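Have a look at the structure below, then the notes.
Just so it is clear, the structure is predicted and the values come from calculations on it, not from any experiment.
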Amino acid sequence: MSVTPRTSRDTDDRSTHMRIGILGTGAMAGALGSAWVRAGHNVRVGGRDTGAAARTARLTGASGHGTLVEAAAHGEAVLIAVPADAAPRLAEELSHPLTGRTVIDCTVPMVPGADGPALATGGATSVARRIADAAPGARVVKAFGVCHESIWTLDRPAFEGAPLAVPFCTDQADAASRVAELIASMGCSPLPCGGLDRAVLLEATAVFAVGVWWSGAEARHAFPAPALAPGAVDD
């Protein structure tokens, strides 16, 4: 799916602001929430523990906090940032307020394995697909789960002279445009990776990368561009 973010009135991409609800109060909720506040978006944090939601909102600079229902109903986009095994149940519980909204799933379904981290789902399906099945009116996007949450604490992250590429998968063209716009507003490069059936590949990539990092190596060293090889040609 090829997506071009809608044009902004300035080159900084910060003139198109969104209302974003965040479901969850953990590290990923805080890191992405802070990044979106820096980009000028209106963020509301929701949690089962409203005290925890208040603390996360204060740390991120969010405009407000409240219940999960209030966060789900807050804006055009909603981030699900809860443990992967709880995400589909939460989506089903909030299916009514999530209807018609762009719902971003950043979860990584990971469990310990004999040889390192493994996919909790076994690779048969993705958490994103289960969320879509649980909340059929939502426009689900898999995004932001490949990077560790610490990356989102950086302002406009760039590496080796290039903006961070953020892969995402969705079946919905309007949701793809909205998420591409959101990614661009953070100073990153949107990387559309196909429909939601490919979300399981992003989840597997995240688990693979975590395993490599835990071993003390660098995942990026395993993926050099073919163009870097002398005499490389397209095939």
Side-chain angles (χ1 to χ4, degrees), residues 1 22-32 35 48 68 77-95 98 102-136 138-153 157 159 164-172 175-176 179-180 182-183 188-224:
M1 180 182 295
I22 294 181
L23 309 180
T25 59
M28 198 66 161
L32 281 171
R48 295 196 190 279
L68 291 166
V78 180
L79 174 72
I80 296 184
V82 299
D85 59 352
R89 294 195 303 272
L90 180 60
E92 183 175 22
E93 177 183 333
L94 300 175
S95 60
L98 293 178
T102 297
V103 176
I104 302 167
D105 167 31
C106 70
T107 67
V108 178
M110 185 173 62
V111 293
D115 298 317
L119 273 173
T121 60
T125 189
S126 66
V127 175
R129 174 59 66 191
R130 291 175 59 202
I131 288 171
D133 291 344
R139 298 163 182 169
V140 178
V141 183
K142 188 77 185 187
F144 299 107
V146 172
C147 289
H148 187 268
E149 64 262 16
S150 61
I151 297 300
W152 306 120
T153 67
F159 302 93
L164 174 68
V166 182
F168 65 92
C169 296
T170 183
D171 293 333
Q172 306 286 337
V179 168
L182 180 60
I183 291 167
C188 299
S189 177
L191 180 59
C193 293
L196 208 60
D197 60 329
R198 295 177 64 80
V200 68
L201 300 179
L202 291 188
E203 294 178 354
T205 299
V207 172
F208 169 78
V210 169
V212 172
W213 296 327
W214 281 358
S215 75
E218 284 286 348
R220 65 190 177 90
H221 293 163
F223 299 102

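Using a 4.5 Å cut-off on side-chain heavy atoms (C-beta onward), P167 and V146 make contact. The shortest side-chain heavy-atom distance between P190 and V166 does not fall under the 4.5 Å cut-off. Taking 4.5 Å as the limit, some side-chain heavy atom of I104 sits within range of a side-chain heavy atom of L182. When side chains are defined from C-beta on, V210 counts as touching M110, because their heavy atoms get closer than 4.5 Å. Residues W152 and C188 have side chains in contact (heavy-atom distance under 4.5 Å, counting atoms from C-beta outward). Looking only at side-chain heavy atoms (C-beta outward), L23 and L90 come within less than 4.5 Å of each other. A 4.5 Å side-chain heavy-atom check between I151 and F159 finds at least one atom pair inside the cut-off. Residues F168 and L191 fail the side-chain proximity criterion, which asks for heavy atoms closer than 4.5 Å.
Closest non-hydrogen pair, L79 versus C106, comes out as CD1-SG, 3.8 Å. In terms of heavy-atom proximity, A29 sits nearest to G24 at CB-O, 3.4 Å. The nearest pair of heavy atoms linking V103 to A138 is CG2-CB, 3.6 Å. The heavy-atom pair separating V212 from A219 by the smallest distance is CG1-N, 3.5 Å. V179 and A143 get closest at one heavy-atom pair: CG1-CB, 4.4 Å. Looking at every heavy atom in both residues, A91 comes nearest to A135 through O-CB, 3.7 Å.
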task: Start with the C-alpha distance between T102 and V141, add both sets of side-chain angles, then the distance that settles side chain to side chain contact (heavy atoms under 4.5 Å, CB included), and finish with yes or no.
output: CA-CA 7 Å; T102 297; V141 183; 4.0 Å; yes

field: Step-by-step side chain to side chain contact (heavy atoms under 4.5 Å, CB included) determination, I183 to S189
entry: CA-CA 7 Å; I183 291 167; S189 177; 5.9 Å; no

- prompt: What do the steps show when you test T107 against K142 for side chain to side chain contact (heavy atoms under 4.5 Å, CB included), and what is the final call?
  reply: CA-CA 8 Å; T107 67; K142 188 77 185 187; 3.4 Å; yes

task: Tell me, with the steps shown, if T121 and S126 meet side chain to side chain contact (heavy atoms under 4.5 Å, CB included).
output: CA-CA 7 Å; T121 60; S126 66; over 6 Å; no

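Between D171 and R129 there is a salt bridge, since at least one side-chain N of the basic residue sits less than 4.0 Å from a carboxylate O of the acidic one. Salt bridge E203/R198: absent, no basic N to carboxylate O contact under 4.0 Å.
Note: E92 CD to I131 CD1 = 12.0 Å, rounded to the nearest 0.5 Å. The distance from atom CG of L202 to atom SG of C169, rounded to the nearest 0.5 Å, is 4.0 Å. The NE2 atom of H148 lies 7.5 Å from the CH2 atom of W213; values are rounded to the nearest 0.5 Å. We find the CZ-CG distance between F144 and D105 to be 11.5 Å, quoted to the nearest 0.5 Å. The OG1 atom of T153 sits 9.0 Å away from atom CD of E149, with the distance rounded to the nearest 0.5 Å.
Using a distance-only test at 3.5 Å, with no hydrogens or angles considered, a donor-acceptor pair links the side chain of T170 to the main chain of V140.
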